[in-house]
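Each ligand, and each atom within it, is numbered from 1 in the order the structure gives. Just so we're clear, the structure is a prediction, and the values are computed from it rather than from any experiment.
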Amino acid sequence: MTKYDNLINGEWVSFGNYNDNVNPSDTNDVIGSYSYGDASSVARAVEAAQAARDSWANSTPQARHDLLDAVGNALAARSSEFGALLAREEGKTLAEGVGETMRASQVFKFFAGEALRVAGELQTSVRPDIDVEITREPVGIVGLITPWNFPIAIPAWKIAPALAYGNCVILKPADLTPACAHVIATLLHENGCPAGVFNLVMGRGSTVGEAIVTHPDIDAISFTGSVGTGHHIAEVCGKMQKKVQLEMGGKNPMVVLDDADLSVAVSACLNGTFFSTGQRCTASSRLIVQEGIHDAFVAELSKQMQALKVGDARDPDTQIGPVVDEKQLKSNLEYIELARKEAGEVIGGERLELDAPGFYQAPALFLGTDNSMRINREEIFGPCGSVIKVADLEEAISVANDTDFGLSAGICTTSLKSARTFKRRAEAGMVMVNLPTAGVDYHVPFGGRKGSSFGPREQGRYAVEFYTTVKTSYVFAG
Ligand code: NDP
């Protein structure tokens with residue numbers, strides 16, 4: 001069994017306490033054993049970052065560009081290998097695993113360019129002979145806490161801007177997916193990342209995560225994960241006056257109007273609801289369908305859903321991989337049982353026993369639901385979609401916005417007027433027209449409103465807001 005260690009101060013460090021990383025497609029397959037740290041490991045990483053922070057903050061943009069560009073190139077060159085590892089570790093299909101690895105590569109290369117484009121402003125003062133200069137500086141040491149559902153892309157879209165803008169990093173990946181984070185750490189190390197600038201501390205959220213959030217010398221926290229953990233982190237960071245950025249759940253609506261192109265709508269909903277095993281914060285979990293197209297839409301979507309091949313993530317024919325672990329599968333099955341009580345009808349949703357022992361579930365569609373049901377208010381995070389029938393666009397918008405969340409919202413329509421109305425009135429950070437609610441570009445802002453997100457947006461040029469702090473300087477030249 002290969003053992004994997006933590007990266008602290010440019011060295012691979014073992015804390016003992018090795019934990020097996022198990023393949024959700026086949027629980028007999030153990031990917032490796034990962035050394036988990038604790039609060040003292042975080043303290044060591046912070047010491048290393050403190051020693052490195054001044055020189056990294058003052059490093060040339062060219063040096064930061066070259067490091068990020070090299071990591072981006074390495075991810076692309078080995079995307080088949082890392083994509084297969086991702087599929088094995090998290091349960092995404094091979095195609096999704098390779099696609100996510102390529103996305104991580106693009107993110108690194110985008111921020112390699114951004115490292116060269118850190119700009120400020122020069123303003124004339126309201127007073128004579130004074131210039132006012134507005135510049136951006138790194139925040140300092142940032143703690144990055146990431147979930148299991150995008151195990152290479154989410155660490156990438158936090159690490160790359162953090163380093164591009166001159167911060168030092170301490171990353172704690174999700175307990176379930178240390179391997180992909182270890183790949184990024186290895187690539188940073190192999191491509192000359194200076195000691196202490198990037199540190200990987202693996203371990204549990206309750207120990208390592210908590211130690212990162214509460215460490216007084218960590219200046220900012222970027223977190224993606226559940227609402228409960230996010231609220232806890234916000235509370236601690238608020239008291240400690242730490243900069244904080246939270247990306248949490250979604251209960252994303254996809255509206256299908258009578259005038260929609262049926263094949264476009266079904267394809268968008270099939271992808272948005274079930275692909276990546278529904279384990280995306282941007283998944284379309286509420287399908288809000290106008291009554292005229294309802295029956296045809298349900299017939300076609302359920303037919304295509306039932307034809308999806310659920311199987312081992314590493315099999316190229318698989319379209320829906322396993323659920324990430326037993327706990328998540330149990331939670332999905334509980335929601336499906338609840339849907340049987342709350343909704344009119346449930347199609348699919350059974351636990352599947354395949355050749356290898358894994359966490360397999362048939363995709364599920366809940367029919368005859370209304371927006372007040374728990375299945376339509378709580379994030380399920382599995383391959384499950386609810387259909388809510390509505391009379392018109394006005395009711396569709398009202399149902400779409402009647403949620404605690406506000407990450408992504410979609411509409412399928414051939415009416416420019418309806419699309420425009422929805423785009424303007426949807427209470428969401430991202431709006432999709434004739435596209436799945438999931439699936440975004442890497443060079444534009446990502447994030448939501450209401451209960452979904454807190455703090456500045458991630459990704460694209462907007463990432464500069466979180467990973468830098470602004471300084472205003474006055475120079476008297478009289
Ligand atoms: P968590 O919020 O528990 O985990 C996200 C990250 O936070 C992990 O790295 C976790 O570590 C860490 N963490 C946990 N507790 C603390 C803490 N007290 N202080 C600091 N860090 C902590 O989510 P889960 O991964 O357990 O998933 C649970 C649910 O969250 C899912 O079913 C889904 O509904 C939602 N979710 C939403 C995501 C999104 O993108 N919106 C992504 C993932 C999950 P560890 O893994 O070791 O527990």
Pair Arg88 + Asp312, salt bridge at N-O below 4.0 Å:
no

Shortest protein contact, atom 43 (C) of ligand 1 (heavy atom only):
Pro147 CB, 3.4 Å

Salt bridge between Glu337 and Arg340, side-chain N to carboxylate O under 4.0 Å?
yes

What are the atoms of ligand 1, with element, lying closer than 4.0 Å to any heavy atom of Phe223?
2 (O), 5 (C), 6 (C), 7 (O)

Per-atom filter on ligand 1: closer than 4.0 angstrom to a heavy atom of Trp148 are 24 (P), 25 (O), 27 (O)

Within a distance under 4.0 Å of any heavy atom of Thr146, pick out the atoms of ligand 1 and give their elements.
6 (C), 8 (C), 9 (O)

Check this for me: does any side-chain nitrogen of one of Asp217 and Arg53 sit under 4.0 Å from a carboxylate oxygen of the other?
no

Name the closest protein heavy atom to atom 46 (O) of ligand 1, giving the residue it belongs to and the distance to 0.1 Å.
Asp175 N, 2.9 Å

Options Gly250, Ser226, Gly230, Gly205, ranked by nearest heavy atom to atom 29 (C) of ligand 1, top entry
Ser226

Just need the protein heavy atom nearest to atom 11 (O) of ligand 1, so name the residue and atom and give the distance.
Lys172 NZ, 3.0 Å

Under 4.0 angstrom from atom 40 (O) of ligand 1, is there any protein heavy atom?
yes

Counting from 1, what ligand 1 atoms have a heavy atom of Met248 closer than 4.0 Å?
39 (C), 41 (N)

Output, in order, the C-alpha distance, side-chain angles, deciding distance and verdict of side chain to side chain donor-acceptor pair (under 3.5 Å) for Ser284 and Thr437.
CA-CA 6 Å; Ser284 324; Thr437 53; 2.7 Å; yes

Proximity winner for atom 16 (C) of ligand 1, if only heavy atoms of Leu144, Ile221, Thr229 are counted:
Thr229

Would you mind listing which atoms of ligand 1 come within a distance below 4.0 Å of any non-hydrogen atom of Gly203?
47 (O)

Nearest protein heavy atom to atom 26 (O) of ligand 1: under 4.0 Å?
no

For atom 33 (C) of ligand 1, the option (of Phe150, Tyr36, Phe381, Phe405) bearing the nearest heavy atom:
Phe381

Enumerate the salt bridge (Lys or Arg N to Asp or Glu O under 4.0 Å) contacts for residues 145-167, please, sequence neighbours excluded, ordered by first and then second residue.
Lys158-Glu458

re atom 20 (C) of ligand 1, the protein heavy-atom contact at minimum distance is Gly209 C, 3.3 Å

Which atoms of ligand 1 have any heavy atom of Ile145 under 4.0 Å away?
6 (C), 7 (O), 9 (O), 12 (C), 20 (C), 21 (N)

Should one rank His232, Glu247, Glu379 by closest heavy-atom distance to atom 34 (O) of ligand 1, which comes out on top?
Glu379

Using 4.0 Å as the upper bound for N to carboxylate O, is an ion pair formed by Glu334 and Lys330?
yes

When distances are taken from atom 32 (O) of ligand 1, the protein heavy atom at minimum range is Gln328 OE1, 2.8 Å

Between Ser222 and Gln245, a side-chain donor and acceptor under 3.5 Å
yes

Under 4.0 Å from a heavy atom of Cys281: give me the atoms of ligand 1 that qualify, with their elements.
39 (C), 40 (O), 41 (N)

If you look only at pairs with a residue in residues 166-188, which of them pass as a ring-ring contact (aromatic ring centres under 6.0 Å, His included), with sequence neighbours excluded?
Tyr4-His182, Trp12-His182

Atoms of ligand 1, numbered as shown, that sit under 4.0 Å from any heavy atom of Thr224
5 (C), 40 (O)

Step-by-step side chain to side chain donor-acceptor pair (under 3.5 Å) determination, Asn371 to Arg286
CA-CA 8 Å; Asn371 203 44; Arg286 294 181 299 140; 2.9 Å; yes

Using the ring centroid of each side chain, check whether Trp157 and Phe466 are separated by less than 6.0 Å.
no

Determine whether the side chains of Glu96 and Ser276 contain a donor N or O and an acceptor N or O closer than 3.5 Å.
yes

Between the side chains of Glu210 and Lys172, is the shortest nitrogen-to-carboxylate-oxygen separation below 4.0 Å, so that they form an ion pair?
no

Which residue from Gln279, Arg204, Glu210, Met202 reaches closest to atom 18 (N) of ligand 1 through any of its heavy atoms?
Glu210

